[in-house]
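Each remark here refers to the structure printed beneath this line.
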2 protein chains.
Amino acid sequence: MQKLPGKTVERLSEYRRTLINCLSEGKSFIYSHELAHMHHKTAVQVRRDIMLMGFSGLQRKGYDVKEMIDAISEILDSPEGQNVAIIGIGHLGTAILHYFKGKRAKLNIQALFDTDPQKIDRIIDGIPCYHPEKLDDIVHKYRINIGILTVPPEKAKELKDQLIQAGIRGILNFTTVPLKVPDHVYLEEYDMITSIEKVAYFSGK
Amino acid sequence: MQKLPGKTVERLSEYRRTLINCLSEGKSFIYSHELAHMHHKTAVQVRRDIMLMGFSGLQRKGYDVKEMIDAISEILDSPEGQNVAIIGIGHLGTAILHYFKGKRAKLNIQALFDTDPQKIDRIIDGIPCYHPEKLDDIVHKYRINIGILTVPPEKAKELKDQLIQAGIRGILNFTTVPLKVPDHVYLEEYDMITSIEKVAYFSGK
DNA sequence: TGATGATTGTGTAAAAATTAACAATATACC
DNA sequence: GGTATATTGTTAATTTTTACACAATCATCA
Ligand SMILES: NC(=O)c1ccc[n+]([C@@H]2O[C@H](COP(=O)([O-])OP(=O)(O)OC[C@H]3O[C@@H](n4cnc5c(N)ncnc54)[C@H](O)[C@@H]3O)[C@@H](O)[C@H]2O)c1
Ligand SMILES: NC(=O)c1ccc[n+]([C@@H]2O[C@H](COP(=O)([O-])OP(=O)(O)OC[C@H]3O[C@@H](n4cnc5c(N)ncnc54)[C@H](O)[C@@H]3O)[C@@H](O)[C@H]2O)c1
């Protein structure tokens, strides 16, 4: 299928997150306006997203929560799953590892990398940690195609290059430095300072 | 001045981040296309953002880096500064604290809150940590107007309510649950899983 | 069983964001 | 000093995103 707009993909991910909660609370149907309300969106927005992904609901009953989760998963999850590595297991890397572990069946954190001797060749939170010199080997061995970068900023470029060299397909960059990647690699960057400054700007009078 | 579009604010924050680096590397002028390239944006986009904030450069010389940093700061920083609290000093809260400390002169982390007896009434990374029952007091005492929420998801709503009760103006929510806030409070939410799923989606074939 | 009303699905309109196009202009070079 | 050229600033066009409007549909209940 044709790729969906990035914005829609983001929202589908968010919807799924709440839908999973709904399901665990025993809610089996949901209206577009309910879901919209939970996400500060409009009902039309939600329905349009659902339409774009080719799913449909029942008039007057809303959307079957379980089915919709499956439909979103059909879109977001690749059937054979994807393998992920975290590079840099400091404060942030640990937070991500801890948070992520076991949350998404189709996204498996397979390896961690760090230069700290305390961490190398240890199992952290159930996942093995290696020295970055083994990056190429491990990426191939475990068919890792996504890398999460949480190393110190001055190391970011170097590790990014290693990841791409090893054949990675997507990078999520949390370091402070914007990176350049070739066209065939997908890059997403996030910086908390931007979020905080945005909050500061809009919450100021 | 009229508020700028959120997207522009985000980009200005990002530009400033790189401009500060440029300055420290001794670069005193920068062209729109250089800045654009560093941020995966177009030169027009950069120039438009600059125009929107009412700054201007020199033809054939580009933008004075120092002046532009000041111009962005004029927009993003409130002159008297803003005070920030982090609620929940676990893995993520610590990562943020550590990362943020001293990075922005006009955004001061004034207080931390946690229920862990190991942390209460200790100084962590230079900032005092309190029990959340003191939230109202401390928020008033230090004129805190921004809260960063990194508590366990099931505590998020409760702490959000306390923050708003105490008169906070903006919230940055990192917990997994979307929150509802009244109109006079600005809310920004971020979830890494969405970012990772987006990377996974667009890096899949 | 038929009317009622709430909800979905979607064509169309509106708004927002981005990009193209280009005049204005300052610098460098001859 | 004049000319060529690279760059800014900005209007207009385009694209993308969101919202409106409403027909189609189907549970519910009289
Ligand atoms: N984007 C954000 O929102 C955000 C928030 C916090 C931190 N950060 C950034 O994330 C990065 C990590 O932050 P942190 O607080 O976890 O820092 P940290 O110092 O706690 O962690 C960095 C880790 O990387 C490891 N490391 C160093 N060199 C390495 C190498 N060559 N290969 C592999 N691992 C290496 C270190 O041993 C350490 O464990 C920094 O760049 C920081 O600026 C970003
Ligand atoms: N949005 C993201 O990208 C992202 C990433 C990682 C984690 N998270 C979320 O962030 C939150 C924190 O994650 P973490 O890994 O740091 O978890 P954590 O368990 O390490 O930290 C939570 C902290 O909150 C404290 N706490 C518990 N109850 C509290 C209360 N009532 N008041 C104040 N503090 C309280 C705990 O003592 C602990 O220190 C979780 O909700 C997690 O799901 C979000």
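Lettering of chains follows the sequences in order, A, B, ..., and the numbering in each one begins at 1. When reading the values below, keep in mind they use all heavy atoms of this one structure, side chains included, and skip hydrogens, waters and symmetry mates. Predicted model only: the values in this text are computed from it and were never measured.
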Could you tell me whether A/I50 contacts a base, only the sugar-phosphate backbone, or nothing, with contacts defined as non-hydrogen atoms closer than 4.0 Å? nothing
Here the distance between atom P of D/dT28 and atom NZ of A/K61, to the nearest Å, is 8 Å
Worksheet item: Any donor-acceptor pair under 3.5 Å between the side chain of B/R60 and the base of D/dT5?
Response: yes
Checklist entry - Would you call the rings of B/Y190 and A/Y190 parallel, tilted or perpendicular, where under 30° means parallel and over 60° means perpendicular? => result parallel
Point to revise | Side-chain N or O of B/Y63 closer than 4.0 Å to phosphate OP1/OP2 of D/dG9 | key: yes
- With a cut-off of 6.0 Å (strictly less than), are more than 12 heavy atoms of other residues, nucleotides or ligands near NZ of B/K141? no
Of D/dG9, C/dA20, D/dA27, the nucleotide closest to the side chain of B/V44 is C/dA20
>> Looking at B/H91, I want to see if its NE2 is surrounded by more than 12 non-hydrogen atoms of other residues, nucleotides or ligands under 6.0 Å.
In response: yes
Rounded to whole Å, the CG-C1' distance (B/D64 to D/dT8) equals 15 Å
B/Q45 atom CD is separated from C/dA17 atom C1', nearest whole Å, by 8 Å
From CD of B/E34 across to C1' of D/dA6 the rounded distance in Å is 12 Å
Report task. Assign A/S56 to base, sugar-phosphate, or nothing according to its heavy-atom contacts below 4.0 angstrom with the strands shown. Result -> sugar-phosphate
In whole angstroms, the gap separating C1' of C/dA16 from CD of B/E10 amounts to 14 Å
Which of D/dT7, C/dT19, C/dA21 is nearest the side chain of B/Y31? It is D/dT7
Polar side-chain contact B/R48-D/dT11 base: donor and acceptor under 3.5 Å:
yes
Among the nucleotides C/dT18, D/dT17, D/dT18, whichever has the atom closest to the side chain of B/K7 is C/dT18
Whole-Å distance, B/R47 CZ to D/dT11 C1', equals 13 Å
Greater than 12 external heavy atoms within 6.0 Å of A/K66's NZ
no
Closest non-hydrogen contact found for B/G93 with B/T150 is CA-OG1, 3.6 Å
message: Tell me whether the side-chain N or O atoms of B/Q59 pair up with the base of D/dA6 as donor and acceptor below 3.5 Å, since no angle test is needed here.
response: no
note: B/R11, atom CZ; C/dT18, atom C1'; distance rounded to Å ~ 8 Å
Rounded to whole Å, the CE-P distance (B/M51 to D/dT7) equals 20 Å
